[in-house]
There are 2 protein chains.
Amino acid sequence: MTKKTADPANGSAPAARQVPMRDFSRSLPMSLLRAREAVMRQFRPSLREHGLTEQQWRILRALASIEAAEVTELARMAFLLGPSLSRILRDLEARNLIERKTAKADQRRSMVSISKEGVKLMASVAPTSEAIYAEITRRFGARKLAELQEMLGELERSLGELGGADETIAGE
Amino acid sequence: MTKKTADPANGSAPAARQVPMRDFSRSLPMSLLRAREAVMRQFRPSLREHGLTEQQWRILRALASIEAAEVTELARMAFLLGPSLSRILRDLEARNLIERKTAKADQRRSMVSISKEGVKLMASVAPTSEAIYAEITRRFGARKLAELQEMLGELERSLGELGGADETIAGE
DNA sequence: CGCATTAACTTAACATGTTAAGTATCTCCG
DNA sequence: CGGAGATACTTAACATGTTAAGTTAATGCG
């Protein structure tokens with residue numbers, strides 16, 4: 001463990017604290033960021049071994065639960081922005097993990113689905129992933145985990161109503 | 001091509017549900033991601049108006065609370081990886097929002113501090129930022145907010161002990 | 001000393017986040 | 001029917017996340 005922080009013999013007379021704000025490390029965004037990072041740190045090595053990033057894994061998981069989906073719907077499911085999804089789909093398609101075909105009824109839409117290879121890859125990752133999740137649940141406690149998720153959902157709902165800028169998302 | 005499911009809109013739809021996993025939308029990483037995004041969506045427009053990104057703001061906030069810090073310490077405070085911080089500091093320095101000078105005792109280290117201009121910028125952003133935070137607190141509830149942060153901290157601690165980075169987690 | 005090792009950053013390379021602009025297609029109204 | 005506007009993506013441009021490699025300065029040890 002790195003202990004250091006012996007603090008060099010710098011001057012004293014602290015001229016900081018010039019702008020009054022809450023303690024930085026206790027801000028909600030930081031807490032959420034740190035918690036999420038702590039969780040993802042558990043999964044990333046395993047995903048990496050299988051050549052997948054976190055986002056690619058999200059997409060495959062989303063696709064594995066359905067027949068096929070339009071890009072926009074997939075973006076909503078995997079919580080990715082359109083441009084990110086567009087790039088990732090291009091790569092996943094090149095790796096033959098997904099398949100795309102334009103809808104006949106509407107040439108603008110493309111239906112995305114997971115390929116046989118994609119399913120195979122998922123099957124090889126899922127056990128480890130589930131085991132890690134189980135370990136997290138065991139460490140933190142199943143009950144507390146459920147409570148936490150409930151609170152996170154509430155937070156989301158309580159802020160969703162006044163969502164940042166354009167809140168004209170129809171169809172839900 | 002043998003089709004496994006009837007789909008009126010398009011021809012052959014690959015089968016789904018081939019790999020059993022938890023409901024995707026209920027995974028902890030997704031809950032944390034969505035909650036954080038809901039929160040950050042409130043702040044981003046204001047930061048943007050002041051020409052700051054979320055990470056730049058984190059750095060300025062961290063610097064405003066102290067005299068000066070080494071890059072590594074600052075990275076820990078602002079929860080940024082070294083390379084990200086390195087780039088951002090370069091930009092913030094070019095904009096004269098921070099100042100750097102190499103430590104006399106150890107030429108490898110550079111001490112970073114916020115500049116007068118940086119303080120001025122912070123002072124212009126802080127009120128709005130605090131107001132947004134207050135509104136979030138009001139909507140979600142101060143008590144629940146404290147509870148949530150407590151749980152997030154617990155989660156972090158319960159996972160931190162087996163922190164996957166250099167902690168011999170290879171065979172998990 | 002001399003040199004391997006370590007430490008503190010920085011650069012590099014690739015992937016994603018975020019916003020804006022572009023493209024092709026579809027809808028609808030006049 | 002025809003063009004304005006809406007839709008569904010895709011591209012582009014810039015900033016950050018993430019890992020690996022490079023650079024320079026300090027340390028340890030024979």
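Here is how names work: the chains are called A, B, and so on, in the same order as the sequence lines, proteins then strands, and each is numbered from 1.
- Atom P of nucleotide D:dA8 and atom CG of A:L74 are separated by 15 Å, given to the nearest angstrom.
- Side chain of A:R109, nearest nucleotide from D:dA8, C:dT25, C:dT11: D:dA8.
- In this structure, A:L85 reaches neither bases nor backbone, as no heavy-atom distance under 4.0 Å exists between it and the strands shown.
- Checking C:dA15, D:dT11, C:dT25 against the side-chain heavy atoms of A:Q107 singles out C:dT25 as nearest.
- Among the protein residues, A:R48 comes within range of the sugar-phosphate backbone only, with heavy atoms under 4.0 Å from sugar or phosphate atoms but none that close to a base.
- Taking atom CZ of residue B:F79 and atom C1' of nucleotide D:dT18, one finds them 13 Å apart after rounding to whole Å.
- Nucleotide C:dG17 holds its P atom 19 Å from the CD atom of B:Q56, rounded to whole Å.
- If A:R44 and A:V71 are placed on DNA chain D by their nearest nucleotide, the residue sitting closer to the 5' end is A:V71.
- When side chains are defined from C-beta on, B:M30 counts as touching A:R58, because their heavy atoms get closer than 4.5 Å.
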| task | Could you check B:E37 against B:R44 for salt bridge (Lys or Arg N to Asp or Glu O under 4.0 Å), going step by step and ending with a plain yes or no? | result | CA-CA 10 Å; B:E37 178 54 29; B:R44 257 190 284 268; 2.7 Å; yes
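- Between A:F43 and A:I136, the closest side-chain pair of non-hydrogen atoms falls below 4.5 Å.
- A salt bridge between B:K120 and B:E117 is absent, with no side-chain N of the basic residue lying under 4.0 Å from a carboxylate O of the acidic one.
- Listed nucleotides: C:dT10, C:dT16, D:dT19. Nearest to the side chain of B:P83: D:dT19.
- Using a 4.0 Å heavy-atom cutoff across all strands shown, A:S86 reaches at least one base atom of the nucleic acid.
- Between B:E154 and B:R157, no side-chain nitrogen of the basic residue sits less than 4.0 Å from a carboxylate oxygen of the acidic one, so the salt-bridge criterion is not met.
- Within the 4.0 Å cut-off from OP1 or OP2 of C:dC9, at least one side-chain nitrogen or oxygen of B:T72 is found.
- Within the structure, every side-chain polar atom (N or O) of A:Q55 is placed at least 4.0 Å from both OP1 and OP2 of D:dG17.
- In this structure, B:R100 places its CZ atom 12 Å from C1' of C:dA8, rounding to the nearest Å.
- The nearest whole Å value for the distance from the CE atom in A:M40 to the C1' atom in D:dT19 is 15 Å.
- Remark: P of C:dC9 and CD1 of B:I88 are 15 Å apart, rounded to the nearest angstrom.
- A side chain to side chain contact (heavy atoms under 4.5 Å, CB included) with B:L92 is found for exactly one of B:I114, B:L97, B:V112, namely B:L97.
- The distance from atom CG of A:L92 to atom C1' of C:dA15 is 12 Å, rounded to the nearest whole Å.
- Heavy atoms of A:S84 sit under 4.0 angstrom from at least one base atom.
- Two residues, B:R108 and B:G82, neighbour DNA chain D, and the one matched to the more 5' nucleotide by heavy-atom proximity is B:G82.
- Along DNA chain C, the nucleotide nearest to B:D106 and the one nearest to B:E37 differ in position, and the one closer to the 5' end is contacted by B:D106.
- If you measure from atom CZ of A:R87 to atom C1' of D:dT10, you get 11 Å, rounded to the nearest angstrom.
- When the side-chain nitrogen and oxygen atoms of A:R41 are compared with OP1 and OP2 of D:dT18, none of them lie within a distance under 4.0 Å.
- Looking at heavy-atom distances under 4.0 Å, B:L80 makes contact with sugar-phosphate atoms alone, never a base.
- Proximity of B:T53 to the phosphate of D:dT16: a side-chain N or O atom is located under 4.0 Å from OP1 or OP2.
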